[in-house]
Participant: 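Take this structure first; my questions come after.
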Amino acid sequence: MITKIENAPPRDLSQLNLEPRGQVFPSPMLWKNHVFYQILPDRFSDGRETERPMFDYRHPEQYRTQDKRAWMSAGLRFTGGTLQGIRSKLDYLQELGITGLWLNPAFKQRFDLQTYHGYAIQNFLDIDPRFGSVQDLRDLIDDAHDRGMVVVLDVVIDHTGNNWFYGPDLTGIIEESLPYRYDPPYSFAGWRSGTGQCTPEIQTLEDGCWPQELQSLDAYNRRGAIVNWSNPDPMDPNAEFRRGDFFDLKKLNGYHKATMDAIIRCYQYWIAVTDCDGFRIDAAKHIPKDICAEFSFAIFRFAQSIGKENFLLVGEITDNLMSFNYLSLFGSIFDRALTAVLDINNSPNLMAGAARGTLNPMDFFHRYRTDTDLTRYIQTGRVHVSILDDHDMSCKSHKERFAANNSTPNRYWQSAHAVAIQLLTPGIPCIYYGTEQAFDGNEGYHDYSIEPSRFGEDRYIREDMFGGPFGAFETTGCHFFNPEHPTYLRIAAIARLRKGDDSIGRALRLGVCYPRETSFCGYPFQIPGAGELFGWSRVLAYHEVVMVLNTHGLEARGADITVDDNLTPPGSKLRVLYRADWTDKQLKHPPTDEFIPVEQTSEGRAYVRLTLPPAGMIILG
């Protein structure tokens, strides 16, 4: 049944109706039971892929653009993805094993600016018509809920778009942005009109910022743009990166009560209207903890009041100490600013290095030790969203996806198995759109003879998936929704195991993670280094599931992998649940008659003996 949503957006808080529209979908008990998929609405789908050919990964040159300048330029603009397009791809996502969507902001942007990413909001109570309508968003979420999927919306509470101009008090002219200063606030020159001009008054819904409560000068810090992005005390609420504008995006004054109340009410409205299941809070690092906590507490309690008892509030924080403080793991709900954080500080690099064999796998897996309070909390998998690729790749000095610059023979396996680390270790896994098609977006696509400066480099990891003018692999006019792609098939097979309502699935979602010692070439058992077979187990009560990954991308590797001799004693057998070198048919319909015997050393250690092809992987249980 379609939930009918009102057409006209409210203009001020007095017009907000916070009563839920239609049925309320209940919150999951455990968010780590879900597999998320991050989508930029502009870049994912326009729903018209059947009108275009599908990219052939075996012949990548077939649809390569003949106009590199136009392709690069398109990456800086809106390219045509829509909310209806996302809805049309729910079958594709469900077959991949996705049970949760993270939608980058679809809220209304300025018509005169090309902020396709969605983080420069002009109207906090409307959807950008380039993406669709409020009704389209509700229909998408309802359809997802009908499939048992959950939806998290990306929200911005730190800043608005570039909706007004600074006065001439520093440079003598009206400016879109000025460098940060602590005090006093800069003067205000006027609002930005719908055509980008400076105007003293807001006359239409395209001018300035909406709702009306955000048209007060007290709503903004007016300190100019951040220059110093760090601070000796990462929790200092007066740090420059917590008071200044995010480039030309105007910083909201969270300590102004009316402004904070307005932002809270706006997002409570979106919960009531869309029935979404959680928020990803953008730029949480730039929000003082007490302000973030005030917002999160109000949102969480409102969600509980309408029947969503475990509303997810996950923050974007690029500092581990800050993450620990915002989570307040050992404090009360009144201390907590977030219920989870994106694990984006350095973890994507460590995960990628483990999968490629360029770093010691324990550089990543050491977080699953059980000898400290913090690592034991990480073992629960409740407080961090596991990230490999995303739309920022802020952990890298140069923007690139995992699959970038990989020419190894089994590179599609390797991409799938990097995602497998996300799926098969504690945490809330989130796959970035296109990773399942081994998108290789990176700054190497930038042609400095066309654009001499490094600018807008984020575009290269935000490719069109639907056949738009900024297609992946430097293409135009072809789509990438290929359910037979080698990476897609392997991720889907592994996700299917994780989702299972059996001892295997529960162990993979809930079990304790133990890296396993290995032995090869007669050497003593020990945790292996880079480029060798690396094994780990997930153990839940009396069940053990064993994962073994060949971290060498060019050579086969063999080793004896330790298993738990109480759970899988010598003489027993472990069934093969997944092998990278299975056929496509086997990946879709796994055989049930493949087993590996458990052997025993003279000292009594239980182990399995394995040889895996380059970048190969096996799962046993």
Side-chain angles (χ1 to χ4, degrees), residues 38-46 48-82 85 89 92 104 114 116-117 352 356 388-393 396-416 418-419 431-488:
Q38 183 194 355
I39 295 174
L40 269 72
D42 182 62
R43 301 294 161 97
F44 183 64
S45 170
D46 65 355
R48 297 168 52 198
E49 289 79 14
T50 56
E51 301 172 17
R52 307 181 188 104
M54 186 169 65
F55 177 78
D56 185 348
Y57 65 90
R58 300 176 188 84
H59 303 285
E61 72 290 340
Q62 187 174 2
Y63 299 103
R64 189 162 294 148
T65 181
Q66 300 301 306
D67 189 341
K68 182 70 173 285
R69 181 183 299 274
W71 180 82
M72 289 172 58
S73 177
L76 296 171
R77 304 192 306 271
F78 284 89
T79 61
T82 65
K89 296 297 175 289
Y92 167 89
N104 283 69
Q114 292 291 326
Y116 67 88
H117 46 71
R356 290 195 191 103
L388 176 68
D389 292 333
D390 73 356
H391 66 298
D392 286 331
M393 297 309 297
K396 295 181 179 290
S397 59
H398 282 70
K399 307 295 185 182
E400 64 176 22
R401 289 178 179 256
F402 172 82
N405 305 306
N406 187 349
S407 59
T408 57
N410 291 339
R411 56 189 176 276
Y412 299 129
W413 295 8
Q414 199 169 70
S415 288
V419 173
I431 302 169
Y432 185 43
Y433 84 98
T435 295
E436 78 281 7
Q437 299 291 334
F439 278 15
D440 71 344
N442 68 92
E443 288 189 55
Y445 282 112
H446 190 81
D447 188 333
Y448 284 91
S449 70
I450 296 174
E451 292 181 20
S453 62
R454 183 174 183 254
F455 171 75
E457 60 273 13
D458 289 342
R459 79 186 100 165
Y460 298 110
I461 54 173
R462 300 172 180 176
E463 311 96 305
D464 283 342
M465 191 154 170
F466 60 92
F470 190 64
F473 306 105
E474 212 173 295
T475 64
T476 60
C478 63
H479 76 83
F480 296 87
F481 293 96
N482 182 4
E484 302 298 322
H485 190 285
T487 303
Y488 179 103

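Because the structure is predicted, anything quoted here is derived from the model rather than measured.
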Participant: Between Asp390 and Lys399, does at least one N-O distance fall below 4.0 Å, as a salt bridge requires?
Facilitator: no
Participant: Taking side-chain hydrogen bond (donor to acceptor under 3.5 Å, both in side chains) as the definition, give me every residue that meets it alongside Asp46, ordered by chain and number, with sequence neighbours left out.
Facilitator: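 side-chain hydrogen bond (donor to acceptor under 3.5 Å, both in side chains) check on Asp46 returns Arg52.
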Participant: Mind checking salt bridge (Lys or Arg N to Asp or Glu O under 4.0 Å) for Arg401 and listing every partner two or more places apart, or none if nothing turns up?
Facilitator: Glu463
Participant: Mind running side-chain hydrogen bond (donor to acceptor under 3.5 Å, both in side chains) on Ser73 and Arg69 for me, showing each step along the way?
Facilitator: CA-CA 6 Å; Ser73 177; Arg69 181 183 299 274; over 6 Å; no
Participant: Between Ser397 and Glu443, which heavy-atom pair has the shortest distance, and what is it?
Facilitator: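 Looking at all heavy atoms of both residues, the shortest contact is O-OE2, 4.4 Å.
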Participant: Does the ring center of Phe55 lie less than 6.0 Å from the ring center of His479?
Facilitator: no
Participant: What is the minimum heavy-atom distance between Trp71 and Thr476, and which atoms define it?
Facilitator: CD1-CG2, 4.1 Å
Participant: Would you check, one step at a time, whether the test side chain to side chain contact (heavy atoms under 4.5 Å, CB included) holds for Arg356 with Phe402?
Facilitator: CA-CA 9 Å; Arg356 290 195 191 103; Phe402 172 82; 3.6 Å; yes
Participant: Just grab all the salt bridge (charged side-chain N to carboxylate O under 4.0 Å, His left out) pairs involving residues 466-480, residues at least two apart or on different chains.
Facilitator: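 Sorted pair list: Lys68-Glu474.
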Participant: Please list, chain by chain and in numerical order, all residues satisfying salt bridge (Lys or Arg N to Asp or Glu O under 4.0 Å) with Asp42, sequence neighbours excluded.
Facilitator: none
Participant: Is the closest side-chain heavy-atom distance between Gln437 and Met465 below 4.5 Å?
Facilitator: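 Result yes, sub-4.5 Å side-chain heavy-atom pair found.
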Participant: Sequence neighbours excluded, which residues qualify as side-chain hydrogen bond (donor to acceptor under 3.5 Å, both in side chains) partners of Tyr433?
Facilitator: none
Participant: What are the two closest non-hydrogen atoms of Tyr432 and Asp389, and how far apart are they?
Facilitator: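 Of all heavy-atom pairs spanning Tyr432 and Asp389, the closest is CB-O, 3.2 Å.
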Participant: Just by distance, do the side chain of Asp464 and the backbone of Gly467 share a donor-acceptor pair under 3.5 Å?
Facilitator: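 No, Asp464 side chain to Gly467 backbone: no donor-acceptor pair under 3.5 Å.
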Participant: Measure the spacing between CZ of Arg462 and CD of Glu457 and express it to the nearest 0.5 Å.
Facilitator: 9.5 Å
Participant: Taking side-chain hydrogen bond (donor to acceptor under 3.5 Å, both in side chains) as the cut-off, I'd like each qualifying pair that reaches into residues 56-66, sequence neighbours left out, listed once.
Facilitator: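 Qualifying pairs: none.
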Participant: So, using ring-ring contact (aromatic ring centres under 6.0 Å, His included) as the criterion, who are the partners of Phe439 when residues are at least two apart?
Facilitator: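 So Phe439 forms a ring-ring contact (aromatic ring centres under 6.0 Å, His included) with Phe473, Phe480.
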Participant: CZ of Phe466 to CD of Glu51: how many Å apart, nearest 0.5 Å?
Facilitator: 12.0 Å
Participant: So, using ring-ring contact (aromatic ring centres under 6.0 Å, His included) as the criterion, who are the partners of His391 when residues are at least two apart?
Facilitator: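 Counting only residues at least two positions away or on another chain, His391 forms a ring-ring contact (aromatic ring centres under 6.0 Å, His included) with Tyr119.
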Participant: How long is the span from the CG atom in Asp440 to the CG atom in Asn405, to the nearest 0.5 Å?
Facilitator: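 It comes to 7.5 Å.
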Participant: Using side-chain contact (heavy atoms from CB on, under 4.5 Å) as the criterion, list what pairs up with Thr408, not counting sequence neighbours.
Facilitator: Asn406, Arg411, Gln414, Leu554
Participant: State the OG1-CG distance between Thr435 and Leu388, to the nearest 0.5 angstrom.
Facilitator: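 One gets 6.0 Å once the value is rounded to the nearest 0.5 Å.
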Participant: Please report the shortest heavy-atom distance between Pro452 and Ile450, naming the atom on each side.
Facilitator: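 So the minimum-distance heavy-atom pair works out to CD-O, 3.8 Å.
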Participant: Could you walk me through whether Met393 and His398 pass side chain to side chain contact (heavy atoms under 4.5 Å, CB included), step by step?
Facilitator: CA-CA 8 Å; Met393 297 309 297; His398 282 70; over 6 Å; no
Participant: Who pairs with Leu76 by side-chain contact (heavy atoms from CB on, under 4.5 Å), at least two apart in sequence or on another chain?
Facilitator: Glu451, Phe455, Arg459
Participant: Return the set of residues passing ring-ring contact (aromatic ring centres under 6.0 Å, His included) with Phe44 (not counting sequence neighbours), or none when no residue passes.
Facilitator: Tyr37, Phe481
Participant: Look up atom OG1 in Thr82 and atom CZ in Arg48, then write down how far apart they are to the nearest 0.5 Å.
Facilitator: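 Spacing of OG1 (Thr82) from CZ (Arg48) equals 10.0 Å.
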Participant: If the condition is side-chain contact (heavy atoms from CB on, under 4.5 Å), which residues does Thr487 pass it with, not counting sequence neighbours?
Facilitator: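 Tyr412, Ser415, Ala416, Ala438, His485, Ile491.
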Participant: Side-chain contact test, heavy atoms from C-beta onward, threshold under 4.5 Å: evaluate it for Phe470 versus Arg43 and give yes or no.
Facilitator: yes
Participant: Heavy atoms only: give me the nearest Thr475-Pro60 pair and the separation to one decimal.
Facilitator: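 Looking at all heavy atoms of both residues, the closest pair is CG2-O, 4.5 Å.
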Participant: Roughly how far, to the nearest 0.5 Å, is OH of Tyr488 from CD of Glu436?
Facilitator: 7.5 Å
